[in-house]
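Start at 1 and go down the list; that is how both ligands and their atoms are numbered.
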Amino acid sequence: MNSRIWLSSPHMGGNELSYIQEAFDTNWIAPLGPNVTGFEGDLKAFLNTQKEVAALASGTAAIHLGLILAGVTAGDEVICQSMTFSASANPILYQGATPIFVDSEPETWNMCPKHLEVAIKDSIAKGKKPKAIIPVHLYGMPAKMEEISAIATKYEIALIEDAAEALGSTYKGKNCGTFGEYAALSFNGNKIITTSGGGAIVCNDEEAKKKAVFLATQARDDAPHYQHSEIGYNYRMSNIVAGIGRGQMEVLSKHISLRRSMQAFYKDVFKNVAGVTVFEEPNDDYFSNHWLSCITIDPKEAGFTREDLRLALWEDNIESRPLWKPMHLQPIFEKYPYYGSNVCETLFENGLCLPSGSNLTTQEKERIAQVIAAFLG
Ligand SMILES: *Cc1c(COP(=O)(O)O)cnc(C)c1O
């Protein structure tokens with residue numbers, strides 16, 4: 001059997017262990033320390049922003065804290081992109097709030113500004129203005145942030161940006177993760193850089209960051225004993241894990257070019273194939289890190305389905321995966337309102353994510369190209 005080719009696997013840069021060694025040497029084995037502070041500084045510099053970054057245990061924790069800081073409580077409504085990973089929406093339920101799902105538009109596959117505004121107007125007409133909006137930059141592709149931000153501003157609703165897949169992506173030259181009042185980054189094992197597990201919240205200023213860190217470290221009041229007047233969470237990043245992050249930041253730019261070259265590779269592989277479209281930026285305003293390379297298949301034109309191709313790849317031990325199944329189709333979320341047509345449903349039906357790691361070798365790429373060529377006949 002051929003060795004497994006993964007969709008997206010961890011790719012260490014080389015210096016991660018020296019940051020971890022330093023943590024051991026100085027006994028900073030705790031959820032704070034020089035690596036945590038250093039990693040936050042590296043992220044802030046990379047994002048080229050005046051905003052502040054707090055390193056957390058996960059991207060999910062970042063979205064949860066964003067909702068809490070935006071004042072979302074039980075009974076509130078929160079608008080969320082339907083086509084996404086469940087971690088964008090689960091924290092809405094942690095707060096006892098109600099998710100309202102919105103369709104994607106076909107250009108970026110992200111939150112459709114038109115359906116977003118319809119959903120807001122409808123909620124207001126029913127007497128309840130949504131408390132927050134969660135757009136996502138799927139597979140690294142920036143959402144239509146200008147339109148979405150304008151709507152958030154017009155209706156005075158907090159924007160919580162899920163940039164978990166989009167570190168290094170930009171829209172009109174501005175980094176994903178710097179548009180929202182709060183933004184979530186993720187460093188899970190399959191992301192463009194990984195700390196094994198981890199995340200970060202981007203906040204508008206030092207005060208907001210302080211509040212995020214306060215909540216992430218059990219909400220201890222200023223007292224000599226343990227005193228609490230708010231619900232706290234254990235959401236801070238470990239100084240060991242942050243050491244991996246510091247090493248990964250040294251190779252982030254290289255990883256972005258390599259991921260982008262994987263997308264170029266698939267454009268070449270499918271260049272003369274009718275009915276197959278490789279996902280790409282709609283125009284020069286968008287710069288995607290191409291965390292995952294994706295295609296859509298029109299079965300009528302192509303003569304095969306995305307399942308046919310997925311299974312052919314799997315036969316050769318090559319992992320690929322359907323696009324995110326929309327949240328409004330998930331058993332846990334299907335009872336909540338949905339605004340849209342069927343853009344994300346069609347994408348789910350016909351879309352496939354292909355192996356996209358920055359660590360794929362020339363031989364592995366050749367194997368992928370050969371299996372696809374053989375499948376296409
Ligand atoms: C990975 C991911 C998250 C969650 O991040 P974790 O660090 O795994 O908790 C949230 N949203 C999206 C879109 C993701 O891809």
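- By the 30° and 60° cut-offs, the orientation of the rings of F304 relative to F375 is perpendicular.
- Close approach of ligand 1 to A87 (heavy-atom distance below 4.0 Å) involves ligand atoms 3 (C), 4 (C), 10 (C).
- Here's the thing with V136: none of its N/O atoms is less than 3.5 angstrom from an N/O atom of ligand 1.
- Salt-bridge check for K210 with E207: failed, with every basic side-chain N at 4.0 Å or more from each acidic carboxylate O.
- Contact atoms of ligand 1 toward G198: 7 (O) (distance under 4.0 Å to a heavy atom of the residue).
- Geometrically, ligand 1 and D162 share a nitrogen or oxygen pair separated by less than 3.5 Å.
- One side chain, R4 or N317, offers a donor N or O that lies under 3.5 Å from an acceptor on the other.
- In this structure, F279 and W109 have parallel ring planes: the angle between them is below the 30° cut-off, well short of the 60° mark.
- The shortest heavy-atom distance from H137 to ligand 1 is not under 4.0 Å.
- The aromatic rings of H255 and H11 sit parallel to each other, their planes meeting at less than 30°, with 60° as the upper class boundary.
- Geometrically, R259 does not engage Y139 in a cation-pi contact, judged by NZ or CZ lying under 6.0 Å from the ring centre and within 45° of the ring axis.
- Among protein heavy atoms, atom 2 (C) of ligand 1 sits closest to K191 NZ, 2.9 Å.
- Residue-to-ligand polar distances place T60 within reach of ligand 1: an N/O pair is separated by less than 3.5 Å.
- Those atoms of ligand 1 that come under 4.0 Å of a heavy atom in T84, given as number and element, are 13 (C).
- Under the 4.5 Å side-chain criterion, counting only non-hydrogen atoms from C-beta, N35 is not in contact with W28.
- The closest side-chain donor-acceptor pair between H64 and Y235 falls under 3.5 angstrom.
- Using a 4.0 Å cut-off between heavy atoms, A164 contacts ligand 1 through its side chain alone, with no backbone atom that close.
- Residue-to-ligand polar distances place S186 within reach of ligand 1: an N/O pair is separated by less than 3.5 Å.
- Under the 4.0 angstrom criterion for non-hydrogen atoms, S88 is in contact with ligand 1.
- Ligand 1 is never approached by G197 to a heavy-atom distance shorter than 4.0 Å.
- No more than 12 heavy atoms of other residues, nucleotides or ligands sit less than 6.0 Å from atom CD of E349.
- Close approach of ligand 1 to S58 (heavy-atom distance below 4.0 Å) involves ligand atoms 7 (O), 9 (O).
- Under a 4.0 Å criterion applied to the non-hydrogen atoms of N188, ligand 1 contributes the atoms 6 (P), 8 (O).
- Closest to atom 15 (O) of ligand 1 among all protein heavy atoms lies E165 OE2, 2.5 Å.
- Looking only at atom types and distance, the side chain of H137 has no donor-acceptor partner in the side chain of Q81 under 3.5 Å away.
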